[in-house]
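To start, the structure itself, in structure tokens.
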Amino acid sequence: MLFVARMDVVFPESMTDETKADFQVKEKAYSADLQERGIMKGIWRIVGEYSNISIYEVDDLDFLHATFQGFPMFAYMNVKVTPLAKHPNATTDDFFRQL
């Protein structure tokens, strides 16, 4: 099953720049692992915001939720998940082959 997730990060104003930088390093490593394992199919930043859109392919909703909880910044994220289904007008079975 494919899902698109929008993640908006909201750090508390009291968080130090050093702590934010540490989160960013950990977040990058976790995201890279998800991509290497084929769970995260792609990630795009939203220009002008501390947000991203990413696509996930998983077989189980509990696994998807656990994946989100694994993000180091999860406590500071607002996550909106949308399930995706193939559109009948799609001209290819695999969007990712086009990239």
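The chain is numbered in sequence order, starting from 1. Remember, it's a predicted structure, so these values are computed and weren't measured experimentally.
- To the nearest 0.5 angstrom, Thr67 atom OG1 is 10.5 Å from Asp62 atom CG.
- Taking the six-membered ring for Trp and the full ring otherwise, the centers of Phe11 and Tyr76 sit less than 6.0 Å from each other.
- By the 4.0 Å N-to-carboxylate-O rule, Arg6 lies close enough to Glu49 to be salt-bridged with it.
- Residues Ile43 and Ile53 form no side-chain contact, since every pair of their non-hydrogen atoms from C-beta on lies 4.5 Å or further apart.
- In this structure the side chain of Tyr50 reaches within 4.5 angstrom of the side chain of Met73, judged on heavy atoms.
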What do the steps show when you test Val4 against Val81 for side-chain contact (heavy atoms from CB on, under 4.5 Å), and what is the final call?
CA-CA 6 Å; Val4 64; Val81 180; over 6 Å; no
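- The residue from Leu34, Val79, Val9 that alone fulfils the side chain to side chain contact (heavy atoms under 4.5 Å, CB included) condition with Phe71 is Leu34.
- Inspection of the Gln35 and Ser31 side chains reveals an N or O donor paired with an N or O acceptor under 3.5 Å.
- Counting heavy atoms from C-beta outward, Asn52 and Ile46 have side chains that stay 4.5 Å or more apart.
- Residue Asp59 qualifies as open at atom CG: its count of foreign heavy atoms under 6.0 Å is 12 or below.
- Both Met15 and Met7 belong to a single network of hydrophobic side chains, linked directly or stepwise wherever heavy atoms of I, L, V, M, F, W or Y lie under 4.5 Å apart.
- Both Leu64 and Met1 belong to a single network of hydrophobic side chains, linked directly or stepwise wherever heavy atoms of I, L, V, M, F, W or Y lie under 4.5 Å apart.
- Looking at Glu57, its side chain never comes within 3.5 Å of a backbone N or O of Met40 through a donor-acceptor pair.
- Checked options Phe3, Phe74, Tyr56; the residue passing with Phe68 is Tyr56 (criterion: ring pair (Phe, Tyr, Trp, His ring centres under 6.0 Å)).
- The side chain to side chain contact (heavy atoms under 4.5 Å, CB included) test with Pro72 singles out one residue from Lys28, Gln24, Lys26, Met77, and that residue is Lys26.
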